[in-house]
Amino acid sequence: MSCEDGTITTTRDDRIADVTPSVFDPRLEYTTVAETGLSDLDGENGELVVVGYPIEELAANASYEETLFLLFEGRLPTADELADFRTDLASRRELCAEPREVLRRAADEGCAAMEALRMGVATATLEGDRSGPQADAKRAVAVLPTIAATYWRYRQGDDPVSPTETLDHTANYLYMLTGEEPSEADVRGLETFLTTLIEHGMTASTFTARTVVSTESDIVSATTAALGTLKGPRHAGDLGAILELLRDVHESGNADAAVDERLAAGDGLKGFGHPVYRVRDPRAAVLSAAAERFFEESAADGFLASVREFEAVATERLREREPTRDARATVEFYAAALLDGIGIPKSLFPATFAISRAGGWTAHCLEQLEENQLVRPTARYVGTTGKTWTPVENRHVAGDSLVGRPVRSASLEPVSETLAVLSEPNRLEILLLLYDADEPLAYSALRRAASIEDKGRFNYHLRQLREYFVTDRGDGYELTDAGRTFVRTLLTEDRLLDDLL
Amino acid sequence: MVRSELHQGLEGVTVAETSCSRVDGEAGELLIGGVPVEALAANATYEESVFLLFEDRLPTADELADFRADLATRRDIHADVRAVLRRAAEEEASAMDALRMGTAAATLGTEDCSQTATARRVVAVFPTIVATYWRYRQGEEPIDPRTDLGHAANYLYMLTGEEPNEADVRGLETYLNTVIDHGVNASTFTARTVVSTESDLVSAATAAVGSLKGPLHGGAPGPVLDMLRTVHERGDPEAYVREKLAAGERLMGFGHRVYRVRDPRAAVLSSAAERLYAASGDDDFFETVRAFESVAVDALAEHSTDRRLETNVEFYTAALLDGIGIPQALFTATFGVSRVAGWMAHCREQRTDNRLVRPVSRYVGETDRTWTPVGDR
């Protein structure tokens, strides 16, 4: 097995794996962890296929429920199946009173939306249908918008709006945020966002969900876990910051200056370049078209024009700087513009991403359970061995009595450098001369008394000592307390006579 | 593009370098923070073991006193979280479901959200969540934690409302030390993956609880106890073992995926259980457990010649926790009460040398489908 970066190791600790050598791969970038029928990413050609359908087709045509059905069942639903599936999902949206209070509290304390979402979804099994993995999967997907909207309403100082079964998944989310029935353009725009981001291969959060159910745990636990993973800025990205960037550019009206400024500051450009796609992220094209449709209808297309110009300028500048790397606008770039246009508050951007991706997480869990294998990787021990037990009264830590906590060897280095100053015979002679003098010695007297002939060398050694052991009083040189203590303890009669013998 | 190999269970894939623990499956040895589990289990308080994992050394007497006091101040849970736990208990949700709910909201009402404070908070609050749930489950009011009791003693106190005896505390403390960390298993790996995105420790602990909840990981100490009780009531362990094996059933509490010899934790818990039952004077049951172990190990050796199956950690966990008076429904949650410190230590380790986990999957589904309008399906 060959690995570019991964080292092949067989150590004593890995003997569990004596059938195959153990591969060190902390990012798992060289390890295929699952076979999946859910999505296929082609980073070279910029293609994303979800259960056989190019993402462009799904985003243009499918409702969120249809896409979810596709992920769960591997095929599109018939009209009857779709109607049943919608009704079924809609019946699983309610949140009981206790989690609502937790969300109110979270809003009062100013917790982030993703924290609130974690608290809420962890309780999603309450009052629920616990008949099995399918029920848990539907419940987790159906309840997330209710949790996000409930938190948001409290955050605004409003009472939450109960879900309504007459509206579809997407429309109902918007309705619960505002209390008003949303416009068709808003629903269509959000539906495209939710459908486009629903599934994207084995991301960290999806892999977390699969690892959780690999122990035969449940899908609500897995969704909670995945949400915690998505919460990290290295995964969910920073849609909010991208929106701010776009707003700045729009207000300044000068895309060129905005791009140059940021590149000059060495900050890089948020929203450009994706670790997997070497060409343009296909989802960026889908959301760009959706944003165009949306902003035309809402007649707020001045903002979109700024966004487009910014993309064009940024793409060109990035190409000039790094011709080999095709750093294009990522999905986040147009996602931020689109969500803002729809009226989703900026602080709910990551939560809205989670509302979409929950479909992928739960579908991956169902897939994992079909042919389950417990995830149990190996670690390499790099700690100490052979320690024995020391009773508490016999434990001693350097520096504990002086500073009340252990002193690390790094903080001892300056002290050690100070001591190194003394490790030179000419300097010891200077210290002895000053020790013997009853009063401060003038430079000329000291220089005459010392056996070092070269003036430059004498000055050099004196300068070294002046840091810590010798002080210049103006009328002459004398030992500091440290210098005096050192001479008295180490340059003793015994030592000096020994040396003479 | 580098060829990527399929390792579904990640068996044989080394995902991290760790100094938290070393599992040597061949020799049957376990080091925790460099200390052999046998030495740690018998000597340490739980707080000492937590300090060892967090700081990679044992605390001095002063440090230990400070650490204990600090943990003890972080035990309270917020009224809104209690209400959720009450609801979970009323609906007869499992203890692990309740623990997930309580952990997810563990930061409510806390001020300091630094990494160190959060790690300590999460460790400190687990027993309160479990005990609160359990009290409600019994139809009783929860008991507030007491800061003057150690971690293990306070857990027992919150379950019963009575100050626990020394033998029970020592027994529980030994258990908590023994299972505090065990390499990178599914739940620990889950926690590490969560923080690899620079997410937070509460999210990681919540995720890990979800992982531990699964029977393939959190294990079967509950069913082992049922089995031991059945055997004790029926009397003849040998007949029971033969029956089970003849029926082609597995014996719970034997064999471990990693250990080729006896799980070193089984030995530690076995002597802890022996001490406990000797102190309580109820050693009838324990004699059955011992007899069952020796009969079963022999029978299993005859039955499967390729691999020697010894008792695993679950076997004596069941006997020990039951002897202490931990309700069977809380066995897995009590495992979580211990392991949470390992999770937190691994998260801190992951954060110091972080690499985002982003594995690869292989697409085996359909391709080239085209859209069919719903009317034509």
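Here is the naming used below: chain letters follow the sequence lines, and residue numbers restart at 1 for every chain. Here the structure is a predicted model, which means the values were calculated and not measured.
Looking at E101(A), the atoms closer than 4.5 Å to chain B (heavy atoms on both sides) sit in the backbone and in the side chain alike. For N372(A), the part lying under 4.5 angstrom from a heavy atom of chain B is the side chain only. Only the side chain of L31(B) comes within contact range of chain A, with heavy atoms under 4.5 Å apart. When heavy atoms are compared at a cutoff of 4.5 Å, D376(B) does not approach chain A at all. Contacts of A44(B) with chain A are made by both backbone and side-chain atoms, with heavy-atom separations under 4.5 Å. Contacts of R130(A) with chain B are made by side-chain atoms alone, with heavy-atom separations under 4.5 Å and no backbone atom involved. Only the side chain of E66(A) has a heavy atom closer than 4.5 Å to any heavy atom of chain B. Neither the backbone nor the side chain of A93(B) comes within less than 4.5 Å of any heavy atom in chain A. With a threshold of 4.5 angstrom between heavy atoms, L58(B) approaches chain A through its backbone and through its side chain. Of the two parts of A222(A), neither the backbone nor the side chain holds a non-hydrogen atom closer than 4.5 Å to a non-hydrogen atom of chain B. Heavy atoms closer than 4.5 Å to chain A are found nowhere in E90(B), neither backbone nor side chain. For N43(B), the parts sitting under 4.5 Å from any heavy atom of chain A are the backbone and the side chain alike. Within the 4.5 angstrom heavy-atom criterion, atoms from both the backbone and the side chain of P77(A) approach chain B. For a residue to count as touching a neighbouring chain, one of its non-hydrogen atoms must lie under 4.5 Å from one of that chain's; by this rule L52(B) touches chain A with the side chain only. S21(B) touches chain A through its backbone: at least one of N, CA, C or O sits under 4.5 Å from a heavy atom, while the side chain does not. For S205(A), no part sits under 4.5 Å from any heavy atom of chain B, backbone or side chain. Interface residue P59(B): backbone and side-chain heavy atoms are both found under 4.5 Å from chain A. Neither the backbone nor the side chain of I219(A) comes within contact range of chain B, judged by heavy atoms closer than 4.5 Å. Looking at T193(B), the atoms closer than 4.5 Å to chain A (heavy atoms on both sides) sit in the backbone and in the side chain alike. With a 4.5 angstrom heavy-atom cutoff, E17(B) touches chain A via backbone and side-chain atoms both.
Listed options L76(A), L38(A), L227(A) were ranked by heavy-atom pairs under 4.5 angstrom with chain B; first place goes to L76(A). Put simply, of A204(A), P233(A), A106(A), the one with the most heavy-atom pairs under 4.5 Å next to chain B is P233(A). Top candidate by heavy-atom pairs under 4.5 Å with chain B, chosen from V375(A), L230(A), L126(A), is L126(A). Chain B forms the most heavy-atom pairs under 4.5 Å with one residue out of N394(A), L41(A), T78(A), and that residue is T78(A). For the set G365(B), G210(B), P359(B), S19(B), the entry with the most heavy-atom pairs within less than 4.5 Å of chain A is P359(B). Residue with the most contacts toward chain A among L212(B), T370(B), T372(B): T370(B) (heavy-atom pairs, distance under 4.5 Å). The choice from T390(A), T388(A), L82(A), L374(A) that makes the most heavy-atom pairs within less than 4.5 Å of chain B is L374(A). Among the candidates T188(B), V195(B), D97(B), D368(B), the residue making the largest number of heavy-atom pairs closer than 4.5 Å to chain A is D97(B).
Looking at heavy atoms from C-beta onward, V102(A) lies out of side-chain contact with H78(B) at the 4.5 angstrom threshold. Contact of the Q373(A) side chain with the H7(B) side chain is not registered, since no non-hydrogen atoms from C-beta on lie closer than 4.5 Å. Side-chain contact between T208(A) and V194(B) is present, with heavy atoms from C-beta onward closer than 4.5 Å. Looking only at side-chain heavy atoms (C-beta outward), D200(B) and K231(A) come within less than 4.5 Å of each other. Looking at L10(B) and T31(A), their side chains come closer than 4.5 Å, going by heavy atoms from C-beta outward. With contacts defined as side-chain heavy-atom distances shorter than 4.5 Å, the pair R100(B)/D218(A) qualifies. Inter-residue side-chain proximity for H217(B) and E216(A) is flagged as unmet; no heavy-atom pair is nearer than 4.5 Å. T378(A) places none of its side-chain heavy atoms less than 4.5 Å from the side chain of E11(B).
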In a table with atom names and distances, give each donor-acceptor pair under 3.5 Å that connects a side chain of residues 52-62 of chain A to protein atoms at least two apart or in another chain.
from	atom 1	to	atom 2	distance (Å)
E57(A)	OE1	W371(B)	N	2.7
N61(A)	ND2	E57(A)	O	2.8

Tabulate below the donor-acceptor pairs under 3.5 Å that side-chain atoms of residues 102-110 of chain B make, not counting sequence neighbours, or state none.
from	atom 1	to	atom 2	distance (Å)
T103(B)	OG1	L99(B)	O	2.6
T110(B)	OG1	T107(B)	O	2.6

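Between the side chain of T197(B) and the backbone N or O of T229(A), at least one donor-acceptor pair lies under 3.5 Å. Checking side-chain atoms of T32(A) against main-chain N and O of R362(B) turns up no donor-acceptor pair under 3.5 Å. Side chain of K387(A) to backbone of G33(B): a donor-acceptor contact under 3.5 angstrom is found. Judged by distance alone, with hydrogens and angles left aside, the side-chain atoms of Y363(B) form no donor-acceptor pair with the main-chain N or O of V50(A) at under 3.5 Å. Proximity of a side-chain donor or acceptor of R376(A) to a complementary backbone N or O of V184(B) within less than 3.5 Å is detected.
Of all non-hydrogen atoms in T203(A) and R358(B), the two that sit nearest each other are CG2-NH2, 3.5 Å.
Atom CZ of R75(A) and atom CZ of R369(B) lie 9.5 Å apart (nearest 0.5 Å).
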